[in-house]
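Take a look at the structure set out below.
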Amino acid sequence: MQQPTNEQFLEIAQQFGTPVYVYDANKIVSQYQKFKSAFNSPTVKIFYACKALTNINILKLLKLQGANIDCSSINEVKLAIHAGFEPQQILYTSNGIGFDEIEEAKNLGIHINIDSISNLKKFGQKFNNSYPVGVRLRPNIMAGGNIKIATGHDKSKFGIPITQIAEVVDIMQQYNLLINGVHIHTGSDIKEADVFLKGIEVLFDVIHLFPNLMYVDLGGGFKVPFEDTEEETDMITLANKILEKFNQHLHQNKLQIWFEPGKYLVSQAGYFLTKINVLKKTNNIEFASINSGFNHLLRPMFYDAYHKIVNISNPNGTIKEYDIVGNICETDTFAANRNINEINEGDLLVFYNAGAYGFEMSSNYNSRYKPAEVLIHNNQISLIRKADRFEDLLKNQIVVL
Ligand SMILES: *Cc1c(COP(=O)(O)O)cnc(C)c1O
């Protein structure tokens, strides 16, 4: 798989300025196809967890491939509709949301996974068996790249604890609810199939309680490589193991298996292109400050995430050690003691794996502009979001003094 060339990055920097997010459509398509063909089963449905990257063009690209979409807010649902998804292709896996959003989702005719006893009860009281609904369960399994992205363990806020399943059944019976799905999402950055298999076992213990079940939703969280030594989740092995498990237990059953990959589909397709503002030599560290900060790419500071960084202005320069830092008034270290080809002021640095939770988590902190987004599609380079301008900082402010 060919990644964008240095020439393309240089052209993008020249045409649109930096910092800028760049997405390679081919990579998104190939990741989707890899996922789909690994399962190659009509009972498997893929819902793109769009909170990873919601640019309308990305949503449309995945829709064209046949993907469904998983949303984490009612606004993402509206973006999905805007991008052309049909209601039956849209899933809203909620957590901790107000009941008004669940009502709105129901009125839009989309699939809903409810994640609390409280909202399930409200749903029952209001809608009885007039609308099927799924439940998000917490399997009490620890998994994920680190604690901040682990969502299935027994201290996590996500989902209805599996230990409260009797209460779910009581509510279902009391209101005659049509529970059509059970969902788990154990976390992000999970490489090993065993975590998914454990989750399936937890679900298999309870599915007999739900006579109207149509789908088992195993969430997302598939791993992608960040460091050169890492590997992504082996989809073929994972698919074989999961399908085998379903075949063993449910041979008569026509249950659908749903997945919600986010990072797996878009992370590696994204690059964050920045420029060196200043070099600062101290007695022990050489700092290279880029024209960005955690206002644009939060993952290194929030998750201690590793992002590969390449100096495309001097690809054959001597390797030296740098701390790559940002320009906002916080300690925003992107990489410490990192070996990179010799850096000069004005050089362009490319961050890899910036497609998922990159632009999406950006902010205007320090009153800086959110960056532009560019898509490379069929060798065509297109601006798909303008960078903010000064008006954007004032847009919603009301001056009363
Ligand atoms: C964030 C999220 C996903 C996607 O996780 P990735 O690690 O990006 O694959 C899937 N399902 C739910 C419910 C999520 O919150």
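Scope of the values below: all heavy atoms of this structure, side chains included, with no hydrogens, waters or symmetry mates. Counting starts at 1 for both ligands and their atoms, in listed order.
Here the heavy atom of the protein found nearest to atom 2 (C) of ligand 1 is K51 NZ, 2.3 Å. Given atom 10 (C) of ligand 1, the protein heavy atom at minimum distance is E260 O, 3.1 Å. Considering only non-hydrogen protein atoms, atom 8 (O) of ligand 1 sits nearest to Y357 OH, 2.5 Å. Summary of contacts: the protein heavy atom closest to atom 7 (O) of ligand 1 is S188 OG, 2.3 Å. Among all non-hydrogen protein atoms, the one lying nearest atom 9 (O) of ligand 1 is G221 N, 2.8 Å.
Listed by atom number, the atoms of ligand 1 under 4.0 Å from A49 heavy atoms are 3 (C), 4 (C), 10 (C). Short contacts between ligand 1 and G220, defined as distances under 4.0 Å to a heavy atom of the residue, involve ligand atoms 9 (O), 10 (C). Set against the non-hydrogen atoms of D70, the atoms of ligand 1 under 4.0 Å away are 11 (N), 12 (C).
Summarising the local packing, NZ of K45 is surrounded by more than 12 heavy atoms from other residues, nucleotides or ligands at distances under 6.0 Å.
Taking the six-membered ring where the residue is Trp, the centroids of Y352 and Y271 are separated by under 6.0 Å. Aromatic pair Y131/F127: centroids not less than 6.0 angstrom apart.
Residue-to-ligand polar distances place G262 within reach of ligand 1: an N/O pair is separated by less than 3.5 Å. The shortest N/O to N/O separation between K263 and ligand 1 falls below 3.5 Å.
Using modelled atom types, one finds no donor on one side chain facing an acceptor on the other under 3.5 Å when comparing S363 with N295. With hydrogens and angles left out, the side-chain atoms of E260 and T93 include a donor and acceptor closer than 3.5 Å.
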Residues E286, K281; criterion salt bridge (charged side-chain N to carboxylate O under 4.0 Å, His left out); working and verdict: CA-CA 4 Å; E286 181 151 11; K281 262 199 174 87; 3.8 Å; yes

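A heavy-atom distance below 4.5 Å is not found between the side chains of V374 and Y21.
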